[in-house]
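Worksheet for the structure shown next.
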Amino acid sequence: MSAAAPDSITITRPDDWHLHLRDGAPLRTVVPHAAARFGRAIIMPNLRPPVTSTQQALDYRQRILAALPAAAQFEPLMTLYLTDQLPPDEIWRAQAAGVVAAKLYPAGATTHSDAGVTDLRKIGKTLEAMQKADMPLLVHGEVTDSDIDLFDREAAFITQQLIPLRRAYPALRIVLEHITTRDAADYVQQADRFTAATITAHHLLYNRNALFTGGICPHYYCLPVLKRETHRLALVQAASSGSPKFFLGSDSAPHPAHLKEQATGCAGCYTAHAAIELYAEAFDKAGALGRLEGFASFHGPDFYRLPRNTGRITLRRESWTPPHSFAFGDAWLKPLRAGEALPWKLA
Ligand SMILES: NC(=O)N[C@@H](CC(=O)O)C(=O)O
Ligand SMILES: [Zn+2]
Ligand SMILES: [Zn+2]
């Protein structure tokens with residue numbers, strides 16, 4: 001085939017800069033999926049109870065490592081969950097112990113965010129410590145105000161919260177996580193070098209029609225929710241632009257199928273079983289496979305100031321079909337594209 005549409009692509013081993021692994025028995029399903037693809041992953045701290053101390057992060061890290069297959073080489077990069085009460089000292093303790101970032105969940109914005117921050121003014125001292133320690137702040141960027149339309153909550157967060165935050169802590173490295181709108185892509189693109197964003201595979205592949213095609217489809221429901229096509233196109237453009245501000249964060253967020261399929265189904269799409277394959281599909285569709293390596297393997301470590309991985313992975317243009325479910329502790333997990341063919345396969 002021509003160079004424009006190769007049948008295989010070999011790239012530096014990628015990393016996942018936004019990943020939910022959960023805890024307990026489900027780790028045995030989720031951790032091997034991530035470790036087969038990625039060298040490292042930023043592990044989200046929204047457990048119940050949340051990971052709010054250095055010791056909890058270190059203990060959680062051990063449980064993740066214990067769930068790794070024998071030959072796997074995978075480094076979980078741990079994060080702290082910010083609350084109104086997190087003492088600034090904890091930032092220094094965490095950094096000394098190798099915790100790489102802290103996560104801002106506006107209280108009530110998403111899954112397991114009830115212990116999150118109720119008002120940014122309450123965590124000023126902690127943010128100051130982070131800026132001084134040069135520890136990145138990871139942000140779920142949605143306002144929680146019920147007066148704001150659900151589809152506008154990311155754009156409102158940028159104007160109401162992020163721009164003032166950016167101004168108040170100019171040297172704080174901020175990652176706007178899982179961006180879903182043209183507004184966010186434009187904001188990050190024009191922001192300074194201390195600001196970056198992650199983009200999920202599902203937001204590159206789908207618009208909000210996926211939620212309602214043929215009936216309500218809870219396995220496409222995540223937060224921030226899928227947006228209209230113009231936004232998806234802006235995300236594809238940002239991800240494949242070559243800009244170092246955008247990098248891979250799958251936001252693979254497993255929930256037992258019965259909790260997604262009930263009357264109030266919970267938010268989160270599971271993609272860890274095929275994450276890099278789904279990104280390859282999105283980049284291929286955009287005619288931008290040549291830009292996948294920068295997005296998946298270089299821009300993240302460069303922003304986090306970590307070395308790039310040295311190993312490589314190969315993806316082949318070869319159809320395969322993810323199973324209908326995976327065991328998930330005592331329950332079942334339904335992966336994205338369950339039972340539907342994917343065009344790219346990990347060699
Ligand atoms: N993305 C989601 O829809 N859900 C995530 C939380 C989050 O990343 O906001 C989860 O933990 O389930
Ligand atoms: Zn989030
Ligand atoms: Zn997430």
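All ligand and atom numbering here is 1-based and tracks the order in the structure.
- Contact annotation: His18 places no N, O or S atom under 2.8 Å from the Zn ion (ligand 2).
- A centroid separation of 6.0 Å or more is found between the aromatic rings of Phe38 and Phe74.
- Residue Glu177 does not touch ligand 1, judged by heavy-atom distances below 4.0 Å.
- Looking at Met44 against ligand 1, nothing comes within 4.0 Å, counting heavy atoms.
- The nearest N/O/S atom of Asp251 to the Zn ion (ligand 3) is OD1.
- Between Tyr221 and ligand 1, not a single N/O pair is under 3.5 Å apart.
- Separation of the Phe295 and Phe283 ring centroids falls under the 6.0 Å cut-off.
- Between Glu277 and the choices Arg37, Lys345, Arg316, the salt bridge (Lys or Arg N to Asp or Glu O under 4.0 Å) rule is met once, by Arg37.
- The residue Glu142 has no part lying near ligand 1, judged by heavy-atom distances below 4.0 Å.
- The aromatic ring centroids of His178 and His140 lie less than 6.0 Å from each other.
- A ring-centre distance under 6.0 Å is found for Trp17 and Tyr304.
- Distances between N or O atoms of Asn46 and those of ligand 1 include at least one value under 3.5 Å.
- Under 2.8 Å from the Zn ion (ligand 3) lies an N/O/S atom of His20, whether from backbone or side chain.
- Residue contacts with ligand 1, taken as heavy atom pairs separated by less than 4.0 Å, do not involve His112 at all.
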